[in-house]
Amino acid sequence: MIELSTPIEDVPNIGSAYHKKLKKLGIKTVQDLLFYFPLRYEDFSNIIPIKDIKVGEVACVQGRIIEIENTQTFKKYMTITEALVEDETGSIKALWFNQPFLTKSLKEDDFVCLAGKVTLSKNGVYLNNPVFEKISDIDDNPSTSLRASNLTHTGRIIPVYSETKGVSSKWLRYMIKPLLEYFFDKVGEILPEEILKKHKFLAVKEAIWQIHFPDSFEAADAAKARFSFEDLFLLQLSILKQRAKLMQKTALACAMDAKLMKEFTESLPFQLTDSQKQCSYQILKDLEKSVPMSRLLEGDVGSGKTVVATMAALSAVKNGYQVAFMAPTEILTSQHFKGISKMLEKFGTTIGYLTGKESFIYKAGKIQEIKKKDLLLELEFGQINILIGTHSLIQKTIKFSKLALVILDEQHRFGVSQRAQLIKDQKIIPHLLSMTATPIPRTLALTVYGDLDLSLIKEMPKNRKKIKTVIVDPKDRKAAYEFIQKEVRDGKGVFVICPKIGREENENSALPITGSFAVSNYNPSLFGVLEMKTVKQEYEKLSKEIFPDLRITMLHGKMKTEEKQRVMLDFKKGEIDILVSTSVVEVGVDVPRATVMMIEGAERFGLAQLHQFRGRVGRSDMQSYCFLFTTSPDQLNRKRLKALVDSDNGFELAQKDLEIRGPGQLYGAQQWGLPDVAMEGMLNIFLVEKTRTAAKEILEKDPELKGYPLLLEQLGQFKSKIHFE
Ligand code: ADP
Ligand code: MG
């Protein structure tokens, strides 16, 4: 007895050979197969008389096979199966290539339905490799009465699925149809009655038919609309439930001290932008509450997020509480430690620094080394106000005495799950401020980060000049070097980015270290890459041949932490002219004196990543430049680089990236395991808002979903499928 939950290998005709292939498509049970929706449809619904077919069009005809035979082509490279099919109005040839086995299933006198392209050759008009279906099969089928038109592959709108080797759309149609006939009214309705009514959705048993074998394109759309809604609805429900749970927890309220904040902003060497002011106000207001804040601070590269976060930290410290500040790389962590210590110099703050390898303390205006053990003790006794570090900050061994606020830099992807780790089983939990430069459109933020409120820094500091971005032709390389020489003579700093450390390294070193998801799916081999520059080679070349007089240093992930930090500091101070680096400087690094970003092998990097690199310069009032070098002639690559030249706006670039590479790629849908329909739906703000409202309404009425057992069960399954990390 087959059930919806029956493993796919136990279904007759599937067996172990197919079951492995189906697993590749994510299909493990009968239910999964029924919910494996088509990508698109082909319209073979209009069966026409043979006399009416037109060359160049796709035609669907019905008739009797007059003759059928296999022939070998002249050079015996190929078998051609040729059939002559006749109806009351005329006859036509059908040709199939290299499918000699067809003559086993198609015989003279069989009544068939054929759909394919009408093609003209010197031997006349024929149907090219048509999809076929024997009508006699259909007559033998006892379930014919179920549907008036019981054709599966022809004579209707037919579904086309995403295929894998050995699993064709035809095979899927062949498998799905009978299962659907058997199960369609056994699929449980998870959408509440009132929602079905309100949105006039098809009931699930109708929708599941129509999505596979639609009576019309309208019916297919209606079915799709229902399932898109369903997926997003589940997503919203799970997010809102999580949020509701959070709202029941308590956080430490931090009263805002307006005078102190004014003092702080006046101590800065610049004026805050209006956006920075608005965002810090939103955050400081959230911190005043005793419900935990969950806020995403989003602002383009260089928009000045750190200072906003520092104000939040200061407010918590002023109230006698502690702050954890986490960044994804050691370089960034140490930069924040120094930068924030400096910003808070006048405010008597004690700041700890902790990575896997090192620990420091900033106290009374001085940075000192401290044993990790001692630092942790001071932390536990509340002597450290702010602890800055890498991910190692959220280990069980690290105990704060009064942690009120967690700040995550460049951590949009991890924020949610990391805090979940932090707050496990606790009654009092810290406020969360997550920061990102990744331009997440509002729709997506609402969906994926629906449990986070959004603060947006919309403008750049006023003193900035637009960075001049140029794709440099190989023949102009010399001129670029001369330009760099001149910049260095003026006391400016130069970055040279290469995709790899050295020859011996594997491909991975070219990948971003941050897991900025916009790039992690990026596949360089798409862009016809020829050679790959390495940091070591470029360093040798630049320091020996091109600029023997300049101070040049390497920077890459394989170097010791202290060494990396010393290099960064020297570069910042102006003791290094040119830094030849891998993508370790991708995010966050702030060296205002740097004015040139030269990127070798630009085709190797994703658009978002290139935008991040470019953001390493133009961080002062000096004119800055970004030089892109590429050896790839690939058009798609040209298009991406051109987009970078044309736009300095992260949001626009994300949009372009979306157009060039498609949504799944950009937002890493595969990584999150979000269903395709949900992904499509996400790009639709109306649907996102509709589902959000529906989810809110139902949770208000029934927070535990007790009245909706099927929905609750499905929600559990859905949650285990998506994983936000
Ligand atoms: P991001 O948003 O990329 O993290 P940062 O916080 O690192 O940017 O800030 C980039 C640079 O801009 C830093 O050197 C910072 O001191 C400076 N900065 C921040 N806000 C302003 C401002 N309002 N005016 C001028 N410079 C600013
Ligand atoms: Mg930053």
Side-chain angles (χ1 to χ4, degrees), residues 261-262 264-281 283 295-314 325-345 388 390 407-413 415 433-440 454-465 467 492-493 495 512-514 516 568-569 571-574 584-595 597 608-622 624 648-651 653:
M261 290 303 136
K262 189 150 177 274
F264 172 80
T265 48
E266 278 169 0
S267 76
L268 295 170
F270 48 75
Q271 280 228 312
L272 290 185
T273 60
D274 288 345
S275 269
Q276 282 173 317
K277 283 183 201 157
Q278 282 156 9
C279 290
S280 32
Y281 187 74
I283 294 164
R295 206 166 260 286
L296 181 67
L297 177 62
E298 193 179 329
D300 211 342
V301 198
S303 61
K305 295 183 286 291
T306 319
V307 59
V308 174
T310 306
M311 287 172 77
L314 180 59
F325 192 127
M326 290 186 255
T329 65
E330 283 172 355
I331 291 177
L332 200 50
T333 308
S334 108
Q335 176 186 298
H336 279 322
F337 178 54
K338 286 168 197 134
I340 293 171
S341 299
K342 186 144 191 298
M343 275 194 266
L344 294 178
E345 201 176 295
I388 300 180
T390 45
I407 300 171
L408 293 163
D409 193 18
E410 304 292 354
Q411 286 290 301
H412 48 278
R413 279 183 65 202
L433 178 64
S434 196
M435 299 194 278
T436 182
T438 305
I440 303 162
L454 202 60
S455 287
L456 209 59
I457 303 188
K458 295 185 203 108
E459 59 193 323
M460 294 301 247
K462 296 216 166 43
N463 61 354
R464 304 288 162 78
K465 292 196 179 70
I467 300 166
K492 318 276 178 65
F495 287 99
I513 37 138
T514 57
S516 110
M568 277 318 296
L569 200 63
F571 188 48
K572 212 160 173 160
K573 284 197 297 207
V584 286
V585 297
E586 179 189 344
V587 283
V589 167
D590 187 39
V591 181
R593 60 175 283 276
T595 58
M597 167 59 64
Q609 200 178 13
L610 290 168
H611 180 57
Q612 279 279 2
F613 285 140
R614 180 169 60 178
R616 298 308 116 220
V617 297
R619 298 188 146 240
S620 68
D621 54 3
M622 295 183 290
S624 293
D648 58 355
N649 179 312
F651 281 88
L653 284 171

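Start at 1 and go down the list; that is how both ligands and their atoms are numbered.
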Which of the numbered atoms in ligand 1 are under 4.0 angstrom from any heavy atom belonging to [X]?
X: G304; result: 1 (P), 2 (O), 5 (P), 6 (O), 8 (O), 9 (O), 19 (C)
X: T306; result: 4 (O), 5 (P), 6 (O), 7 (O)
X: R464; result: 11 (C), 12 (O), 17 (C), 18 (N), 26 (N), 27 (C)
X: Q271; result: 22 (C), 23 (N), 24 (N)
X: V301; result: 3 (O)
X: T273; result: 23 (N)

Exercise. Out of K277, Q612, R619, K305, who gets a non-hydrogen atom closest to atom 7 (O) of ligand 1?
Worked result: R619

Output the distance between atom [atom1] ([X]) and atom [atom2] ([Y]), rounded to the nearest 0.5 Å.
X: D409; Y: L332; atom1: CG; atom2: CG; result: 5.0 Å
X: D274; Y: E459; atom1: CG; atom2: CD; result: 5.0 Å
X: L408; Y: M326; atom1: CG; atom2: CE; result: 5.0 Å

So is there a nitrogen or oxygen of [X] less than 3.5 Å from a nitrogen or oxygen in ligand 1?
X: Q335; result: no
X: P461; result: no
X: N463; result: no
X: F270; result: no

Problem set entry | Whether G299 lies under 4.0 Å from ligand 1, heavy atom | no

For this session: Check whether any heavy atom of M435 sits under 4.0 Å from an atom of ligand 1.
Result: no

Problem set entry | Pairing residues for M622 by the side chain to side chain contact (heavy atoms under 4.5 Å, CB included) criterion, not counting sequence neighbours | K492, T595, S620

Problem set entry | Proximity of L272 to ligand 1 by residue part, where a heavy atom lies under 4.0 Å | backbone

Exercise. Tell me, do D300 and H611 make a side-chain contact under 4.5 Å, heavy atoms counted?
Worked result: yes

Exercise. Side chains of F270 and N463: does their closest heavy-atom pair fall under 4.5 Å?
Worked result: no

Problem set entry | Partner residues of K262 under the salt bridge (charged side-chain N to carboxylate O under 4.0 Å, His left out) criterion, sequence neighbours left out | E266

Problem set entry | Between F495 and F571, ring centroids under 6.0 Å | yes

For this session: Count the heavy atoms belonging to other residues, nucleotides or ligands that lie under 6.0 Å from NZ of K458, then report whether that count exceeds 12.
Result: no

